[in-house]
Amino acid sequence: MTETPPLVDQHCHGVLRTELGLGTFEAELGPRAARPAPGTTFFDTQAGFAIRRWCPPLLGLEPHCPPARYLARRRELGAAEAGRRLLRGSGTAVYLVDTGVPGDLTPPGEMATSAGAEAHEIVRLEPLAGRVADACGTVEEFLSSLAGAVYGAARTAVAFASAAAVRGGLALEPGAPGPGEVRRAVSHWLAIRRPGELPAAPVLLRHALWTAVGTGLPLQLHLGDDDPMPLGDFAAATSGLGTSLVLLHGYPHHRSAARLTGLFSHVYADLGTALATTGARAAAVLAETLELAPFGKLLYSSGARGLPELHVVGARLFHEALGRVLGGWVGDGAWARRDADRVATMLAGANARRVYGLA
Amino acid sequence: MTETPPLVDQHCHGVLRTELGLGTFEAELGPRAARPAPGTTFFDTQAGFAIRRWCPPLLGLEPHCPPARYLARRRELGAAEAGRRLLRGSGTAVYLVDTGVPGDLTPPGEMATSAGAEAHEIVRLEPLAGRVADACGTVEEFLSSLAGAVYGAARTAVAFASAAAVRGGLALEPGAPGPGEVRRAVSHWLAIRRPGELPAAPVLLRHALWTAVGTGLPLQLHLGDDDPMPLGDFAAATSGLGTSLVLLHGYPHHRSAARLTGLFSHVYADLGTALATTGARAAAVLAETLELAPFGKLLYSSGARGLPELHVVGARLFHEALGRVLGGWVGDGAWARRDADRVATMLAGANARRVYGLA
Amino acid sequence: MTETPPLVDQHCHGVLRTELGLGTFEAELGPRAARPAPGTTFFDTQAGFAIRRWCPPLLGLEPHCPPARYLARRRELGAAEAGRRLLRGSGTAVYLVDTGVPGDLTPPGEMATSAGAEAHEIVRLEPLAGRVADACGTVEEFLSSLAGAVYGAARTAVAFASAAAVRGGLALEPGAPGPGEVRRAVSHWLAIRRPGELPAAPVLLRHALWTAVGTGLPLQLHLGDDDPMPLGDFAAATSGLGTSLVLLHGYPHHRSAARLTGLFSHVYADLGTALATTGARAAAVLAETLELAPFGKLLYSSGARGLPELHVVGARLFHEALGRVLGGWVGDGAWARRDADRVATMLAGANARRVYGLA
């Protein structure tokens with residue numbers, strides 16, 4: 001079997017510090033803000049089953065033990081010690097941590113200590129702009145502070161991320177907005193916003209995005225639920241500027257995301273989330289992503305947030321899926337073993353190390 | 001292997017009472033109103049091959065015997081007796097029968113007798129509105145009769161269905177239309193319509209839909225050929241009202257339909273049609289649907305219409321596909337056997353019994 | 001195992017006459033005009049790996065030998081001799097060659113000689129219109145010359161192709177443009193165009209398309225990157241006119257393309273490109289296409305251009321994928337062997353022979 005080297009998790013978040021019960025744990029298994037229907041539970045999902053497969057053994061239990069048994073053991077150990085055991089059992093060497101989501105989540109430094117791994121920060125643009133707006137009274141102040149904050153962040157962060165730009169219409173209007181447009185939008189926003197509010201207007205989102213493009217750091221774009229092909233115009237507009245674009249969360253349009261990576265030399269696609277959320281189907285989804293993307297353009301991630309169990313599940317499913325998919329092709333004679341080993345190394349971390357300039 | 005319990009077929013139609021020849025039988029195998037190209041036949045489809053696999057043995061013939069041989073035997077038995085043998089051989093315990101399609105099809109009571117099973121009615125909104133319009137001269141009469149007909153139907157039916165609302169733009173304009181808008185649309189429609197004509201104007205379709213939502217019965221929505229994600233706005237608008245939405249015919253966008261079931265606690269997705277029409281590929285399509293949907297949100301159906309062969313094929317393909325997919329995951333260690341058995345029970349009927357309030 | 005008969009490659013282009021080095025060869029492996037990212041290569045793609053699997057043995061080398069070794073051997077033989085060995089090793093009996101792409105590519109006659117096979121021409125409409133415009137000064141001249149050129153081409157060509165019509169908005173506006181509209185668009189175009197320029201205005205594209213529809217020859221439509229379902233309106237508009245429409249390059253929307261072939265008796269879908277570009281995944285993609293399409297409506301092609309290696313890879317992958325997919329279904333009992341053999345014959349060439357009127 002193809003050996004996967006230690007992973008670079010190119011997009012994840014920190015883990016919750018609080019102790020979790022059945023309800024609070026379950027809430028982390030479904031889509032953000034979603035609730036299970038009466039008579040159903042989010043434990044009955046691929047993510048729930050994958051956690052029950054991979055995580056109990058790391059805490060000394062049988063695979064597939066009931067959720068209540070697992071959570072009792074987790075509380076017995078305490079969230080910190082359980083997190084430590086889980087993260088260290090995931091086989092991940094480097095975590096790139098997007099710090100821009102709400103909740104009491106561990107920051108990169110604490111992730112590194114807990115996991116016995118390397119960790120770097122990804123700065124999300126919308127909360128950064130929100131913090132700048134909280135501290136600024138005028139348009140001029142906001143614009144210069146935002147530029148300062150973005151360039152400042154670029155000194156220590158490994159990447160920027162935008163969660164809202166694609167949903168905010170980036171595909172329809174890909175270019176950098178003009179200075180007059182930006183000033184009007186900022187002025188309107190500062191006049192109406194409540195403290196803590198994040199920018200949502202398309203002009204504001206694009207201004208933040210294009211400011212980040214100017215730094216040359218890679219830019220991670222959360223895709224919405226639509227086909228990413230229309231993002232080709234933004235890819236064309238940023239071609240040759242030296243900034244890599246990394247498409248996150250392509251599923252179920254991961255084949256289109258993969259296609260874009262072949263069309264534009266600076267566009268990359270993420271393998272994450274789809275693995276953890278599809279569980280027993282991770283190999284099938286990975287295989288689809290490997291159809292059209294050049295193998296140098298795909299990056300592993302867990303997409304995990306809140307539960308260290310999700311960091312584990314992402315890593316284990318990727319490891320197993322990669323072995324099964326590439327191993328199958330070697331077995332069929334379609335691929336040479338040395339090519340499979342090389343591609344495994346690229347996807348697991350070498351591509352990410354090159355894109356983010358990691359050692 | 002995982003045992004599938006007797007099925008609840010949560011969306012099908014009655015069967016044709018007339019004797020069928022090669023041409024009339026073949027016409028039921030393709031899409032509605034479609035014709036095969038010269039030199040080709042709809043028997044050469046996955047549906048055709050699946051019928052030839054599963055149905056001849058129920059009539060005492062070899063699997064895969066030629067269509068002409070099969071149809072000769074079918075005529076020898078007579079349509080009624082053949083239908084009886086086929087339906088009883090399908091392993092279905094309950095049929096939910098959408099009675100709103102044209103053609104000389106058996107109603108629920110006759111389906112129950114013929115199949116030796118339980119049957120309940122699903123009332124389709126467009127023909128209901130058409131019948132009301134046939135009997136009414138004024139806007140006031142129509143509106144009060146429609147409300148009466150919908151609430152009257154809700155006393156005996158288990159669900160409503162709309163075949164046209166999604167194609168009629170429900171995703172673009174999800175809200176209930178205002179009274180003035182409705183009155184104008186009804187007035188215009190009553191002035192121009194010919195007897196028997198079904199409503200097609202978006203305002204009429206949405207008015208019928210929102211009237212049905214008021215009854216609290218589950219509402220089945222036939223998806224069009226586009227990605228169902230934009231239906232999220234209608235799902236958001238009906239959230240918390242107590243009415244379940246069941247998405248029908250998601251293929252080839254079944255992954256998006258599955259995703260919607262996770263995002264909204266009152267949204268469910270159908271497994272039907274895709275199974276019968278994809279035949280030898282049913283397990284692959286089922287596996288894709290099981291990626292993102294919580295397992296409590298998927299409902300088996302055959303989607304069959306006209307030919308009892310399609311009720312058989314839907315049931316047999318589902319049974320086989322479910323066993324293969326879940327059995328494979330158990331064999332890999334990805335799922336525990338007891339979980340697989342539990343999920344099989346949910347998909348085969350327990351979810352439907354809960355959603356439709358069946359015993 | 002199911003035997004595949006000699007193939008009819010229903011859509012390909014000629015091969016390059018020049019000798020190729022690593023860089024010029026690699027450029028033919030990615031999407032048109034795309035470049036690999038720094039630190040990556042288009043040899044690390046499914047297409048690259050598939051070439052390394054299937055082609056070296058035809059030139060006397062080991063499968064999967066390094067690209068540099070393969071290209072050295074290729075230069076040693078010379079492009080002409082290498083091309084001869086490759087094409088003759090592909091198992092293709094008939095090539096339909098689209099001659100409307102730029103580059104020093106072998107025309108059909110030379111393909112036939114080199115491959116020891118039959119070859120026919122497919123005439124692409126946009127370059128044909130461009131050549132007519134180069135030679136005409138007035139709107140009248142252009143319109144009558146274009147009609148003459150199209151009808152003239154129809155005497156020897158087996159099909160027309162349009163690469164731009166779908167991207168040019170055919171789905172939005174499917175009908176034939178009116179004479180006034182056409183005259184205005186031609187007049188504008190002749191006034192501004194530079195020699196050699198191809199038509200891009202939607203009215204010009206549709207005029208060329210509808211002129212070709214008038215000849216009754218099959219019309220091949222390159223799909224864009226969007227879902228082809230909206231092309232249903234063009235299919236409806238051309239229904240019953242006697243012209244077959246063949247959808248090219250459906251991936252990743254091949255399931256929608258397959259669905260269209262069932263809805264319209266004159267619509268066909270291509271299996272090509274997706275096979276060569278997805279390599280080890282060709283069987284999976286083929287199986288998806290076989291879900292909804294009637295088996296009489298699918299046509300093999302390689303979609304190859306420039307490199308005879310791509311003609312080989314398309315043919316070999318199709319052969320292997322077909323054997324694996326149909327063989328699997330026969331092994332499961334889902335299909336009868338004689339049906340599988342019959343369907344293999346249809347897809348490999350019999351359908352194409354019927355559609356294009358080949359002997």
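Every heavy atom of this structure was used, including side-chain atoms; hydrogens, water molecules and symmetry mates were not.
- With sequence neighbours left out, A/Ala236 forms a side-chain contact (heavy atoms from CB on, under 4.5 Å) with A/Phe264.
- Here C/Pro31 pairs with A/Leu263, C/Ala34, C/Phe42 under the side-chain contact (heavy atoms from CB on, under 4.5 Å) rule; sequence neighbours left out.
- Residue A/Val343 touches chain C through its side chain alone, counting heavy-atom pairs closer than 4.5 Å.
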Hey, what donor-acceptor pairs show up under 3.5 Å between chain A and chain C?
from     : atom 1 : to       : atom 2 : distance (Å)
A/Arg255 : NH1    : C/Glu288 : OE1    : 2.9
A/Arg255 : NH2    : C/Glu288 : OE1    : 3.1
A/Arg255 : NH2    : C/Glu288 : OE2    : 3.3
A/Arg259 : NE     : C/Asp225 : OD1    : 2.7
A/Arg259 : NH2    : C/Asp225 : OD1    : 3.0
A/Leu290 : O      : C/Gln46  : NE2    : 3.0
A/Glu291 : OE1    : C/Tyr251 : OH     : 2.4
A/Glu291 : OE2    : C/Arg281 : NE     : 2.8
A/Glu291 : OE2    : C/Arg281 : NH2    : 2.9
A/Phe295 : N      : C/Asp44  : O      : 2.9
A/Asp332 : O      : C/Arg53  : NH2    : 3.2
A/Asp332 : OD2    : C/Arg324 : NH1    : 3.1
A/Asp332 : OD2    : C/Arg324 : NH2    : 3.4
A/Gly333 : O      : C/Arg53  : NE     : 3.3
A/Gly333 : O      : C/His64  : NE2    : 3.1
A/Trp335 : NE1    : C/Gln46  : OE1    : 3.4
A/Arg338 : NH2    : C/His64  : O      : 2.9
A/Asp339 : OD1    : C/Arg52  : NH1    : 3.4
A/Asp339 : OD2    : C/Arg52  : NH1    : 3.0
A/Asp339 : OD2    : C/Arg52  : NH2    : 2.8
A/Arg342 : NH1    : C/Asp44  : OD1    : 3.3
A/Arg342 : NH1    : C/Asp44  : OD2    : 2.9
A/Arg342 : NH2    : C/Asp44  : OD1    : 2.9

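- In terms of heavy-atom pairs under 4.5 angstrom with chain C, the leader among A/Gly296, A/Ala336, A/Gly232 is A/Ala336.
- In terms of heavy-atom pairs under 4.5 Å with chain A, the best-connected choice from C/Pro252, C/Ala280, C/Gly279 is C/Ala280.
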